Amino acid sequence: MPEEKNKLIAALAYVLFFIPLLACKDDEFAMYHANQGLLLLLFGWGGSVVLSLIPIIGWIMLIFYPLVTFVFLVIGVINALKSEKKPLPLIGGFTILK
């Protein structure tokens with residue numbers, strides 16, 4: 001069970017993924033959520049760029065894409081605050097930070 005401080009830092013990783021890298025680099029739980037936060041950041045930016053390049057259908061989907069990204073953010077924060085290491089839907093199975 002992670003410390004209360006590390007749970008908050010892990011939850012903040014979904015807003016700024018590098019906070020656990022600075023605050024508690026040796027904590028496995030916080031680093032897991034830092035990885036999930038980085039994946040969410042890449043998902044948000046990358047998806048927005050790709051959808052903006054696709055005429056009409058992509059532009060329409062681009063209207064709802066921030067909502068999907070926000071829902072993933074909320075899921076991640078809830079998981080971190082509940083001390084769970086659940087991957088985010090669709091994107092959580094990848095590892096960038098170890």
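Keep in mind the model is a prediction, meaning the values are calculated, not measured. Below, all heavy atoms of this structure are taken into account, side chains as well, without hydrogens, waters or symmetry copies.
Residue pairs meeting the side-chain hydrogen bond (donor to acceptor under 3.5 Å, both in side chains) criterion with at least one member in residues 31-46, sequence neighbours excluded: Tyr14-His33. Each side-chain hydrogen bond (donor to acceptor under 3.5 Å, both in side chains) pair with one or both residues in residues 84-94, not counting sequence neighbours, appears once here: Glu28-Lys85.
Cluster annotation: Met61 is not connected to Trp59 through the hydrophobic network of ILVMFWY side chains, with a link wherever side-chain heavy atoms come within less than 4.5 Å. Connection of Ile60 to Tyr65 is not established within any shared hydrophobic cluster, with ILVMFWY side chains joined at heavy-atom distances below 4.5 Å, either directly or through further cluster members. When the side chains of ILVMFWY residues are joined at heavy-atom separations under 4.5 Å, either directly or via intervening members, Val15 and Phe29 end up in two distinct hydrophobic clusters.
From Leu97, atom CG reaches atom NZ of Lys25 across 9.5 Å, with rounding to the nearest 0.5 Å. One distance of note links CG of Asp26 with CG of Asn6; it measures 10.5 Å at 0.5 Å rounding. The CG atom of Leu38 lies 12.0 Å from the CG atom of Leu16; values are rounded to the nearest 0.5 Å. Note that NZ of Lys7 and CG of Asp27 are 12.0 Å apart. Values are rounded to the nearest 0.5 Å. Annotation: the span from Leu51 atom CG to Ile57 atom CD1 amounts to 11.0 Å, rounded to 0.5 Å.
In this structure, Leu22 places its CG atom where more than 12 heavy-atom neighbours from other residues, nucleotides or ligands lie under 6.0 Å away.
Considering every non-hydrogen atom in both Pro87 and Gly93, the closest pair reads CB-N, 4.4 Å. The heavy-atom pair separating Ile9 from Cys24 by the smallest distance is CG2-SG, 3.7 Å. Across all their heavy atoms, Ile75 and Pro89 have their closest contact at CD1-CG, 4.1 Å. Contact between Ala11 and Leu81 at its shortest, heavy atoms only, is CB-CD2, 3.8 Å.
For the pair Leu62/Ser52, a side-chain contact is recorded, criterion being any heavy-atom separation below 4.5 Å from C-beta on.
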Checking Leu40 against Leu88 for the side chain to side chain contact (heavy atoms under 4.5 Å, CB included) test, could you report, in this order, the C-alpha distance in whole Å, the side-chain angles of both residues, the deciding distance, and whether it holds? CA-CA 8 Å; Leu40 183 62; Leu88 293 173; 4.2 Å; yes
Take Phe72 and Leu90, measure what side chain to side chain contact (heavy atoms under 4.5 Å, CB included) needs, and give me the verdict at the end. CA-CA 10 Å; Phe72 285 3; Leu90 302 175; 3.9 Å; yes
Should Val77 and Leu12 be marked as a side chain to side chain contact (heavy atoms under 4.5 Å, CB included) after you check the CA-CA gap, both sets of side-chain angles, and the distance that decides it? CA-CA 7 Å; Val77 168; Leu12 286 173; over 6 Å; no
